[in-house]
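Keep in mind it's a predicted model, so treat the numbers as computed, not measured. Whatever order the structure lists them in is the order used to number ligands and atoms, beginning at 1. Start at 1 with the first residue, then count along the sequence.
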Amino acid sequence: MAKKRRIAIYPGSFDPITNGHIDIIKRAALLFDELIVTISSNSSKDSFFSISKRKKILYDCLKNHQNVKIDTFDTLLVNYAESKNILTIVRGLRALSDFEYEFRMAIMNRNLNVNIETVFLMTDEKFAHISSSLIKEIHFLGGDVQDFVPESVIKALNGISDEKFAK
Ligand code: COA
């Protein structure tokens, strides 16, 4: 009998993706046969980069990871998972402060669909202080974020800065 492929979803806003997210993606890609990194387009957060820009950045950062696919979704996460026939959601934990939010989300998702399981992976401690909003804040106040995000994010941030400065 053919072995069932283990597929998981790693959802997020990725606005923008950081080295912390990439660390989780690399860890999850080793554990699953396929990982779908999927960008939520209906997050309650105000987004900075458009969905298509975030998707392009993700393609660029993850193009060498054979078993990682990129997608977007605008529904409930559990409905997206169900539509793909995937029962595992991966989320990263950076610090204890992430736990409460992640715990509530995982329990709610399980209430919405009892078959869906959330798996948590610990971010490498060197990325524990990184968040997308801190990256944007530091960059636009003139700080250097190149140790925290991939090159394509720097390019995208600079593109936006140039447009802003050109006005
Ligand atoms: N390294 C670095 N930063 C990390 C990180 C890691 N490993 N993991 C999370 N973060 C940061 C992100 O940078 C982001 O920072 P910010 O708040 O400054 O922007 C924050 O932690 C959380 O971001 P992310 O992991 O992208 O998740 P999210 O909370 O923005 O996304 C969804 C949550 C999209 C999964 C959730 O809203 C969802 O499922 N939405 C669909 C609708 C739905 O089903 N709602 C019901 C949910 S119960």
Side-chain angles (χ1 to χ4, degrees), residues 7-32 35-51 53-59 61-62 65 68-84 86-141 143 145-154 156-157 160:
I7 307 180
I9 296 167
Y10 180 44
S13 313
F14 305 112
D15 189 33
I17 190 167
T18 68
N19 289 346
H21 291 124
I22 291 176
D23 176 57
I24 296 294
I25 292 166
K26 284 183 182 165
R27 288 168 198 279
L30 291 174
L31 296 173
F32 296 93
L35 181 72
I36 302 180
V37 179
T38 189
I39 310 165
S40 167
S41 61
N42 74 347
S43 163
S44 50
K45 296 177 187 171
D46 283 339
S47 54
F48 184 75
F49 288 113
S50 68
I51 285 287
K53 187 75 192 174
R54 281 181 264 167
K55 204 171 173 186
K56 269 192 205 133
I57 296 172
L58 258 66
Y59 271 122
C61 304
L62 302 170
H65 297 269
V68 176
K69 304 260 170 353
I70 319 290
D71 200 8
T72 60
F73 71 108
D74 61 3
T75 59
L76 276 179
L77 178 58
V78 289
N79 291 351
Y80 170 82
E82 215 176 340
S83 73
K84 299 266 169 194
I86 299 172
L87 301 176
T88 312
I89 295 168
V90 170
R91 292 288 289 167
L93 286 178
R94 288 165 297 173
L96 202 57
S97 50
D98 280 344
F99 180 79
E100 205 183 320
Y101 170 64
E102 293 297 338
F103 181 80
R104 270 190 284 126
M105 219 159 45
I107 299 289
M108 181 53 86
N109 281 331
R110 188 189 285 160
N111 272 273
L112 293 170
N113 184 331
V114 73
N115 299 313
I116 306 256
E117 206 59 74
T118 306
V119 172
F120 295 100
L121 299 179
M122 300 292 173
T123 310
D124 189 309
E125 65 269 19
K126 63 177 183 275
F127 303 123
H129 57 299
I130 303 177
S131 78
S132 304
S133 28
L134 270 184
I135 295 297
K136 288 175 280 195
E137 183 179 327
I138 294 166
H139 176 79
F140 289 113
L141 291 174
V145 292
Q146 66 180 348
D147 286 348
F148 313 127
V149 289
E151 184 60 34
S152 29
V153 170
I154 302 278
L157 287 168
I160 283 175

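- Within 6.0 Å of CZ in R110 there are 12 or fewer heavy atoms belonging to other residues, nucleotides or ligands.
- Proximity to F14 (heavy-atom distance under 4.0 Å) selects the following atoms of ligand 1: 26 (O).
- With hydrogens and angles ignored, the 3.5 Å screen pairs a side-chain donor or acceptor of D23 with a backbone N or O of D124.
- Within 6.0 Å of NZ on K69 lie more than 12 heavy atoms contributed by other residues, nucleotides or ligands.
- Interface atoms of ligand 1 facing S131, defined by a heavy-atom separation under 4.0 Å, are 13 (O), 15 (O), 18 (O).
- For ligand 1, the atoms lying closer than 4.0 Å to a non-hydrogen atom of T18 are 1 (N), 2 (C), 3 (N).
- Atom CG of L141 sits in a crowded spot, with more than 12 heavy atoms from other residues, nucleotides or ligands closer than 6.0 Å.
- Contacts of L76 with ligand 1, taken as heavy-atom pairs under 4.0 Å, involve both backbone and side chain.
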Task: Steps toward ring-ring contact (aromatic ring centres under 6.0 Å, His included) verdict (F140, F48) - done: CA-CA 12 Å; F140 289 113; F48 184 75; 5.3 Å; yes
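- Taking the ring pair (Phe, Tyr, Trp, His ring centres under 6.0 Å) definition, one finds that F73 meets it with Y80, sequence neighbours left out.
- When side chains are defined from C-beta on, S13 counts as touching R54, because their heavy atoms get closer than 4.5 Å.
- For atom 36 (C) of ligand 1, the choice among R27, E102, R91, M105 with the nearest heavy atom turns out to be M105.
- When heavy-atom distances to ligand 1 are checked against a 4.0 Å cut-off, L77 comes that close through both its backbone and its side chain.
- Below 4.0 Å from some heavy atom of Y101 lie the following atoms of ligand 1, by number and element: 28 (P), 29 (O), 33 (C).
- For the residues I22, I9, I130, the heavy atom positioned nearest atom 3 (N) of ligand 1 is part of I130.
- The parts of S132 lying near ligand 1 are both backbone and side chain, judged by heavy-atom distances below 4.0 Å.
- The contact set between ligand 1 and I24, taken as ligand atoms under 4.0 Å from a residue heavy atom, comprises 7 (N).
- No donor-acceptor pair closer than 3.5 Å links the side chain of S47 to the backbone N or O of S50.
- For the pair T123 and ligand 1, a heavy-atom separation below 4.0 Å is found.
- Close approach of ligand 1 to F73 (heavy-atom distance below 4.0 Å) involves ligand atoms 41 (C).
- Residue contacts with ligand 1 for H21 involve both N, CA, C or O and side-chain atoms from C-beta outward (heavy atoms, distance under 4.0 Å).
- Put simply, the side chain of N19 gets close to the backbone of D147: a donor and an acceptor are under 3.5 Å apart.
- Near M108, meaning under 4.0 Å from any of its heavy atoms, are these atoms of ligand 1: 48 (S).
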